[in-house]
Structure formats: C-alpha cells, structure tokens
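Worksheet: the structure to be examined is printed underneath.
Only a predicted model underlies this, so the values are computations on that prediction, with no experimental measurement involved.
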Amino acid sequence: MTPPSLYERIMGDSFARLAPAVQAFHRLAGRHHLEGLVQTQAPVNLAARLLARCLGAPGTSGSGPIRFELDAGPEAETWTRHFPAKTMTSRLERVDARMVENLGLARLTFELQEAQGRLVMRLRHLRFLGIPCPRWLMPRIVAMESGDADRLHFDVQASVPGIGLVTRYSGHLAVPSRARP
C-alpha cells in the first residue's frame with residue numbers, strides 16, 4: 001500500500017472531498033512531467049517586477065504551453081514550472097499541519113482547505129530573506145486548484161499592499177490516467 005501523500009497528510013479527511021483530478025495530482029509520487037496551457041499576467045510596476053524576479057515568478061503577460069516537473073517524496077516535493085518565458089522552482093514541505101513553500105527568497109506558510117471540491121491555499125505567514133513579514137504588508141495570495149476529468153486547473157495570484165499585482169498565472173495540466181483514483 002502506498003503511504004499517504006504530503007497533501008493527504010496535511011489535509012487529513014478533507015483531502016477525500018477534493019475533485020478526483022486534484023486528488024490524483026496530489027497523489028503522484030516520484031518524478032513526473034506534466035503538460036498543459038497557461039496564461040500569465042505581468043507585474044503592474046517596477047516594484048512588483050523586482051518582487052516577481054526575487055520569487056522567480058513570470059515577469060511578462062502571455063499564454064502558451066506549460067511544462068511542469070514534479071519530484072514528489074513522502075516528506076517534500078519539488079515543483080518546477082516551465083512557463084513560456086520563465087522557469088520557477090519551489091520546494092514544498094509539511095511543517096506541523098501546514099504547507100511551507102520555499103520560493104526564491106521567500107518562505108511561505110499556507111493552510112490547505114477544501115471548498116466545494118477545490119483546493120484553496122491560504123497564506124498564513126511569510127518570511128522574506130528570513131525576516132518575518134508584518135501583517136500590514138502581508139501579500140494577498142489567491143491560490144486555488146480544481147479539476148474536471150483528467151485536468152487539474154490552477155489559478156494563482158499574488159499582490160502586495162501599496163505595490164499591486166506581483167504575479168498571476170492560471171491554466172491547466174493534464175493528469176496522467178494512471179494517477180486518477
């Protein structure tokens with residue numbers, strides 16, 4: 001029997017209420033290459049562009065193919081997103097009952113929740129260059145995943161008070177048929 005995935009361990013019973021394609025994606029173990037389509041939106045100003053660069057996030061608007069590399073182990077996952085004009089890599093791990101994502105110069109702590117079959121990631125803490133972000137400067141991050149048939153749909157948006165939109169990307173990935181529950 002396969003041990004529970006990183007996401008299953010964090011979410012507990014609520015993981016079973018996610019859409020089948022979302023469950024299948026987050027049960028993938030080992031190395032996988034997935035493909036799909038993505039739309040990116042450019043940062044709104046110079047300060048936002050600098051932040052996007054520090055995170056490795058896309059810096060231009062556009063649409064096209066996305067290639068996603070997953071290296072998923074029981075304790076951590078590495079995600080490499082190959083956007084049309086940028087590659088962004090992050091490492092995810094469980095800390096207590098939360099997901100921690102190391103992304104560029106930032107360490108983001110998320111609470112994972114299920115809402116009507118969707119996975120919703122809510123930012124709870126942020127460290128930038130190791131320094132805790134004060135509440136009044138905390139970015140607003142909307143990160144959701146949904147699924148239908150063999151597609152994982154994603155929508156990620158990050159904006160910072162007083163600066164504006166830093167990054168937004170949305171699209172879908174094809175989930176391998178052998179991964180579906």
Do you know the tightest heavy-atom contact between [X] and [Y]?
X      : Y      : answer
Pro58  : Pro43  : O-CD, 4.0 Å
Gly147 : Ala21  : CA-CB, 3.9 Å
Phe128 : Ala106 : CD1-CB, 4.1 Å

Euclidean distance, [Y] [atom2] relative to [X] [atom1], rounded to 0.5 Å:
X      : Y      : atom1 : atom2 : value
His82  : Met88  : NE2   : CE    : 11.5 Å
Arg140 : Leu165 : CZ    : CG    : 11.0 Å
Met11  : Met99  : CE    : CE    : 9.5 Å
Met144 : Gln116 : CE    : CD    : 11.0 Å
Glu8   : Leu18  : CD    : CG    : 9.5 Å
His33  : Asp71  : NE2   : CG    : 9.0 Å

How about Arg81 and Ser90: does a side-chain donor come under 3.5 Å of a side-chain acceptor?
->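 Ser90 and Arg81 do have a side-chain donor-acceptor pair below 3.5 Å.
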Minimum side-chain heavy-atom gap Pro139-Val160 below 4.5 Å = yes
Parallel, tilted or perpendicular: which describes the rings of Trp79 and Phe25, with under 30° parallel and over 60° perpendicular?
->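 The arrangement is perpendicular - the two ring planes meet at more than 60°.
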Main chain of [Y], side chain of [X]: is a donor-acceptor contact present, judged purely on distance under 3.5 Å?
X      : Y      : answer
Gln23  : Ala16  : yes
Asn45  : Ile163 : yes
Ser14  : Glu114 : no
Thr78  : Arg91  : no
Arg9   : Pro74  : yes
Thr167 : Ala158 : no
Arg53  : Leu55  : no
Ser61  : Ala42  : yes

Residue pair Phe15, Ile10: steps toward the side-chain contact (heavy atoms from CB on, under 4.5 Å) verdict = CA-CA 9 Å; Phe15 184 86; Ile10 292 172; over 6 Å; no
Could you go through the side-chain contact (heavy atoms from CB on, under 4.5 Å) check for Lys86 and Thr60 one step at a time?
-> CA-CA 9 Å; Lys86 183 75 174 173; Thr60 59; over 6 Å; no
Flag yes if [X] and [Y] sit in one hydrophobic cluster, no otherwise; membership is Ile, Leu, Val, Met, Phe, Trp, Tyr, and two members link when side-chain heavy atoms are under 4.5 Å apart.
X      : Y      : result
Val120 : Tyr7   : no
Met138 : Ile131 : no
Leu6   : Leu103 : yes
Val100 : Leu126 : no

Ile66 pairs by side-chain contact (heavy atoms from CB on, under 4.5 Å) with which of Leu37, Leu34, Thr40, Leu173?
->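 When Leu37, Leu34, Thr40, Leu173 are each tested with Ile66, the side-chain contact (heavy atoms from CB on, under 4.5 Å) holds only for Leu173.
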Knowing that exactly one of His125, Met121, Arg122 qualifies, which makes a side-chain contact (heavy atoms from CB on, under 4.5 Å) with Phe110?
->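 Only one of His125, Met121, Arg122 forms a side-chain contact (heavy atoms from CB on, under 4.5 Å) with Phe110, namely Met121.
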Passes side-chain contact (heavy atoms from CB on, under 4.5 Å), Arg168 versus Asp155? Steps please.
-> CA-CA 8 Å; Arg168 181 168 191 185; Asp155 188 2; 2.9 Å; yes
Is any NZ, NE, NH1 or NH2 atom of the basic residue among Arg31 and Glu69 found under 4.0 Å from an Asp or Glu carboxylate oxygen of the other?
-> no
Glu145 pairs by side-chain hydrogen bond (donor to acceptor under 3.5 Å, both in side chains) with which of His153, His26, Arg118?
->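 That would be His26.
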